[in-house]
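Data block below; observations after.
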Amino acid sequence: VPRDDAPSDLGPADEASDPSEFRNTDVVDASRDSFSFVKIAFDKDAPEIKEWRVPAAPMILGCDKHGNEVIRQAGAGIDHIRAVMKGTADGVAKLEATVKSLKNKIEEAEKTGDKQRTVKACLDLVKLGKKGYPEIPAALAKIEALAADEWKKVEVAETVDEATAIQSLE
């Protein structure tokens with residue numbers, strides 16, 4: 001049941017442009033707990049609208065605490081809002097589990113000395129393209145370090161003369 005007198009992160013409850021759905025008790029309670037609802041005026045040329053790839057209004061995006069989108073819904077009805085609230089919680093849990101799983105794969109591959117598996121797991125983590133997770137830049141640094149080691153081997157191999165190379169193969 002919408003409450004017209006309920007506080008909201010969107011501004012005063014009597015603001016005519018705010019959908020009453022955002023004054024719903026469930027939504028208000030969520031905004032007091034783990035959700036922040038931010039209203040942005042739709043202007044197709046605005047940089048933030050382009051950055052978030054919002055083609056039309058209304059659009060609700062669910063993001064993690066770092067601003068990574070995990071769900072979106074076209075519309076602003078109460079069902080859309082509830083779907084985004086549930087989808088955000090589920091999406092964040094899935095993203096965090098994926099990051100943790102890939103970090104574990106990297107550690108396991110490093111323990112066994114399997115550089116190929118290490119690089120693959122690091123690439124999978126970096127390809128997530130999410131910000132705010134320290135594991136991602138760490139994985140990129142590992143890839144860069146492993147690549148630098150491989151280039152050193154190539155440079156050393158190029159400086160060895162043919163006789164030494166043949167001798168080392170025997």
Side-chain angles (χ1 to χ4, degrees), residues 9 26-27 30-31 33-40 42-76 79-170:
D9 286 337
D26 296 342
V27 177
S31 72
D33 184 27
S34 57
F35 283 87
S36 293
F37 295 94
V38 179
K39 179 181 173 184
I40 300 173
F42 181 77
D43 172 2
K44 67 179 177 141
D45 297 322
E48 62 273 6
I49 300 298
K50 288 179 179 180
E51 180 182 343
W52 287 100
R53 300 174 327 278
V54 175
M59 178 77 62
I60 302 173
L61 306 177
C63 303
D64 67 5
K65 65 183 177 183
H66 306 293
N68 298 300
E69 180 185 330
V70 294
I71 188 172
R72 68 172 46 212
Q73 285 277 316
D79 291 337
H80 297 107
I81 297 167
R82 287 182 175 141
V84 168
M85 289 189 327
K86 180 179 180 347
T88 300
D90 294 347
V92 168
K94 182 179 176 183
L95 175 59
E96 289 175 351
T98 300
V99 169
K100 184 177 180 179
S101 172
L102 290 170
K103 181 183 176 195
N104 290 341
K105 284 183 180 181
I106 293 167
E107 291 169 353
E108 290 169 15
E110 285 181 311
K111 284 179 187 173
T112 63
D114 189 337
K115 290 182 181 179
Q116 190 172 4
R117 276 186 41 229
T118 301
V119 169
K120 167 124 177 43
C122 286
L123 284 172
D124 289 345
L125 187 53
V126 171
K127 284 191 303 187
L128 291 176
K130 304 299 181 185
K131 58 187 172 195
Y133 293 89
E135 297 87 350
I136 294 174
L140 183 58
K142 281 186 197 312
I143 293 169
E144 291 170 347
L146 290 168
D149 287 346
E150 292 302 312
W151 277 114
K152 284 179 189 173
K153 290 177 187 175
V154 169
E155 290 170 352
V156 168
E158 288 177 348
T159 61
V160 174
D161 63 27
E162 187 177 333
T164 307
I166 291 172
Q167 197 175 32
S168 68
L169 292 174
E170 294 174 345

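- H66 places no side-chain N or O within 3.5 Å of a backbone atom of K130 that could act as its donor or acceptor partner.
- Considering only heavy atoms from C-beta on, T112 stays 4.5 Å or farther from E108 through its side chain.
- A donor-acceptor pair is defined here as one N or O able to donate and one able to accept, closer than 3.5 Å; such a pair exists between the side chain of N68 and the backbone of K131.
- Looking at every heavy atom in both residues, E69 comes nearest to C63 through CA-SG, 4.0 Å.
- Annotation: the span from L95 atom CG to D90 atom CG amounts to 12.5 Å, rounded to 0.5 Å.
- Separation of atoms CE (M85) and CG (D26) is listed at 6.0 Å; rounding is to 0.5 Å.
- Looking at S101, its side chain never comes within 3.5 Å of a backbone N or O of A97 through a donor-acceptor pair.
- L123 places a side-chain heavy atom less than 4.5 Å from the side chain of V119.
- The two residues P55 and F42 have their closest heavy-atom pair at O-CZ, 3.7 Å.
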Apply side-chain contact (heavy atoms from CB on, under 4.5 Å) to Y133 and L125, showing your working.
CA-CA 10 Å; Y133 293 89; L125 187 53; over 6 Å; no
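- Here the OG1-CG distance, from T118 to D114, works out to 6.0 Å after rounding to the nearest 0.5 Å.
- The neighbour count for Q116 CD, taken as heavy atoms of other residues, nucleotides or ligands under 6.0 Å away, does not exceed 12.
- Taking CD1 of I60 as the reference point, atom OG1 of T88 lies at 9.5 Å (rounded to 0.5 Å).
- By the 4.0 Å N-to-carboxylate-O rule, K142 lies close enough to E110 to be salt-bridged with it.
- Of the candidates I49, L61, V54, I40 forms a side chain to side chain contact (heavy atoms under 4.5 Å, CB included) with just one, namely I49.
- A distance of 9.0 Å separates CD of E135 from CD1 of I106, quoted to the nearest 0.5 Å.
- Nearest heavy-atom pair, G132 versus P134, reported as atom, atom and distance to 0.1 Å: O-CD, 3.5 Å.
- A pairwise comparison of heavy atoms in A121 and K105 identifies CB-CB, 4.0 Å as the closest pair.
- Separation of atoms CE (M59) and CH2 (W52) is listed at 12.5 Å; rounding is to 0.5 Å.
- For D43, there are no side-chain hydrogen bond (donor to acceptor under 3.5 Å, both in side chains) partners two or more places apart in sequence or in a different chain.
- Taking 4.0 Å as the cut-off between side-chain N and carboxylate O, K120 and D124 count as a salt-bridged pair.
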